[in-house]
Amino acid sequence: MPEGHTLYRLARDLHQAFAGDVVSSASPQGRFADSASVVDGLVLTEASSRGKHLFVDFDQDLAVHVHLGLYGKFRVSAGPALPPYGQVRWRLVSKRSYADLRGATACELVTPEERGAILDRLGPDPLDPEADPERAWERVRRSRAPIGGLLMDQQVVAGVGNVYRAEVLFRQRLHPLRPGRSVTRPRFEALWDDLVTLMPEGVRLGRIVTMRPEDAPAAREASPAEGRRVRYYVYRRGGRPCLVCGTKVRHEVLQQRNLFWCPRCQPAYRPRTVG
DNA sequence: GTGCCATGTGAAA
DNA sequence: TTCACCTGGCACC
């Protein structure tokens, strides 16, 4: 599930498995072969993430930028490497570990300048303790675009994907189609703070968990047919009853992404009318 | 077993 | 606006 928490965890795992070690680097699939050979035999110095972007650093100021896209996977395993299955774009091997990258949208050698340009395009990441939410607020408060779209815009907030978007807007009782500039500062702060709470939990647990424990019993009661499968308030629950109020969850496609919300818990914004 | 759909993004048309 | 990426979980047969 590649939202920001996945990349953060992946960077941590890669760092723990490889940092400080000489690694062999190859592209069994071939598409990354030339670049993979450039870092082959070098020391992997650091792995880090920002938003949904991963950077793997090597000696000599060399770095590989990876973006998993929708279904990319980067699996880190202990022990001797097994024969690759499927399309392995990049394989890293050390004495203790190996890692296989498949299905990624981006896997490229980048210069420090290119890496800087990628970072410059990203808004604050709720997983970054140094992140400055003011930068996101400045975008939100001036925008007519829907808050549901702004949250997914990586230049506004880095790392939020479709699941966190749907769930955090539900938790904050914000309608996803409200214009950014209709969101008050306290409500924006609550939204940001909620992401700062939720996303590290995602890192810790290795999956997105958004449901408050006190809502879980109500969830089972409200939607017995779904049994234990219910994991989210609204994400992928279009047409099913809201776990809190029972109203049918709405589903719409916004900018080619599925959008879910409860029309009762997340009421539409009604601008004040004059006269 | 088969087929559909998805947590995302940038390039091509 | 559509396609490419080409994995993998899950609903359905």
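Chain A is the first sequence line, chain B the second, and so forth, proteins listed ahead of strands; every chain is numbered from 1. What you see below is based on every heavy atom in this structure, not just the backbone, and it leaves out hydrogens, waters and symmetry mates.
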Once you round it to whole Å, what is the distance between [atom2] of [N] and [atom1] of [X]?
X: L68(A); N: dA6(B); atom1: CG; atom2: P; value: 19 Å
X: H5(A); N: dG8(B); atom1: NE2; atom2: P; value: 10 Å
X: R75(A); N: dG9(C); atom1: CZ; atom2: P; value: 7 Å
X: H53(A); N: dT9(B); atom1: NE2; atom2: C1'; value: 8 Å
X: H67(A); N: dA11(B); atom1: NE2; atom2: C1'; value: 15 Å
X: R165(A); N: dA6(B); atom1: CZ; atom2: C1'; value: 13 Å
X: L10(A); N: dT7(B); atom1: CG; atom2: C1'; value: 14 Å
X: H65(A); N: dG8(B); atom1: NE2; atom2: P; value: 15 Å

Could you pull out all donor-acceptor pairs under 3.5 Å where a side-chain atom in residues 249-260 of chain A meets a protein atom, sequence neighbours excluded?
from    : atom 1 : to      : atom 2 : distance (Å)
R250(A) : NH2    : E252(A) : OE2    : 2.9
H251(A) : NE2    : N258(A) : OD1    : 2.8

Quick one: [atom1] on [X] to [atom2] on [Y], what's the gap to the nearest 0.5 Å?
X: L62(A); Y: L42(A); atom1: CG; atom2: CG; answer: 6.5 Å
X: D100(A); Y: F74(A); atom1: CG; atom2: CZ; answer: 8.0 Å
X: L243(A); Y: Y233(A); atom1: CG; atom2: OH; answer: 8.0 Å

Side chains of residues 169-182 of chain A: which donor-acceptor partners sit under 3.5 Å, not counting sequence neighbours?
from    : atom 1 : to      : atom 2 : distance (Å)
R171(A) : NE     : D194(A) : OD1    : 3.4
R171(A) : NE     : D194(A) : OD2    : 2.8
R171(A) : NH1    : T210(A) : O      : 2.6
R171(A) : NH2    : D194(A) : OD1    : 2.7
Q172(A) : NE2    : D194(A) : OD2    : 2.9
R173(A) : NH1    : F170(A) : O      : 2.8
H175(A) : ND1    : L177(A) : N      : 3.0
H175(A) : NE2    : W261(A) : NE1    : 3.1
R178(A) : NE     : S182(A) : OG     : 3.1
R178(A) : NH2    : S182(A) : O      : 2.6
R178(A) : NH2    : S182(A) : OG     : 3.4
S182(A) : OG     : P179(A) : O      : 2.8

Please tabulate, for side-chain N and O atoms in residues 65-72 of chain A, each donor-acceptor pair with protein atoms closer than 3.5 Å (sequence neighbours left out).
from   : atom 1 : to      : atom 2 : distance (Å)
H65(A) : ND1    : E108(A) : OE2    : 2.7
H65(A) : NE2    : H53(A)  : ND1    : 2.8
H67(A) : ND1    : G69(A)  : N      : 2.9

N/O (side chain, [X]) to phosphate O (OP1/OP2, [N]) under 4.0 Å:
X: K52(A); N: dT9(B); answer: yes
X: Y164(A); N: dG8(B); answer: no
X: R257(A); N: dG8(B); answer: yes
X: N258(A); N: dA6(B); answer: yes

Pairs under 3.5 angstrom only: tabulate donor-acceptor contacts from the side chains of residues 119-131 of chain A to other protein residues two or more places apart or in another chain.
from    : atom 1 : to      : atom 2 : distance (Å)
D125(A) : OD1    : L127(A) : N      : 2.8
D125(A) : OD2    : G51(A)  : N      : 2.8
D128(A) : OD1    : E130(A) : N      : 2.8

F55(A)-V23(A) co-clustered via ILVMFWY side chain contacts under 4.5 Å: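 No, separate clusters.
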[N] versus [M] - spacing of their [atom1] atoms, nearest Å:
N: dC3(C); M: dC4(B); atom1: P; result: 16 Å
N: dG8(C); M: dG10(B); atom1: C1'; result: 23 Å
N: dT7(B); M: dA11(C); atom1: P; result: 16 Å

Taking CZ in R264(A) as the centre, count heavy atoms belonging to other residues, nucleotides or ligands within less than 6.0 Å. Is the count above 12?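 Open: at most 12 neighbouring heavy atoms sit under 6.0 Å from CZ of R264(A).
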Cationic N near anionic O, under 4.0 Å, E201(A) to R204(A):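 Salt bridge present between E201(A) and R204(A).
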Residues from residues 144-160 of chain A sitting under 4.0 Å of DNA chain C, heavy atoms only?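 Within this stretch, nothing sits under 4.0 Å of the strand.
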Looking at every strand, decide which applies to F74(A) at a 4.0 Å heavy-atom threshold: base, sugar-phosphate, or nothing.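 Nothing, no nucleic acid heavy atom in range.
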List, with names and distances, any nitrogen or oxygen atoms from the protein found under 3.5 Å away from nitrogen or oxygen atoms belonging to nucleotides 3-6 of chain C.
from   : atom 1 : to     : atom 2 : distance (Å)
dC5(C) : N1     : Y71(A) : OH     : 3.1
dC6(C) : OP1    : Q29(A) : NE2    : 3.1
dC6(C) : OP1    : R31(A) : NH1    : 3.4
dC6(C) : OP1    : R89(A) : NH2    : 3.3
dC6(C) : O2     : Y71(A) : OH     : 3.2

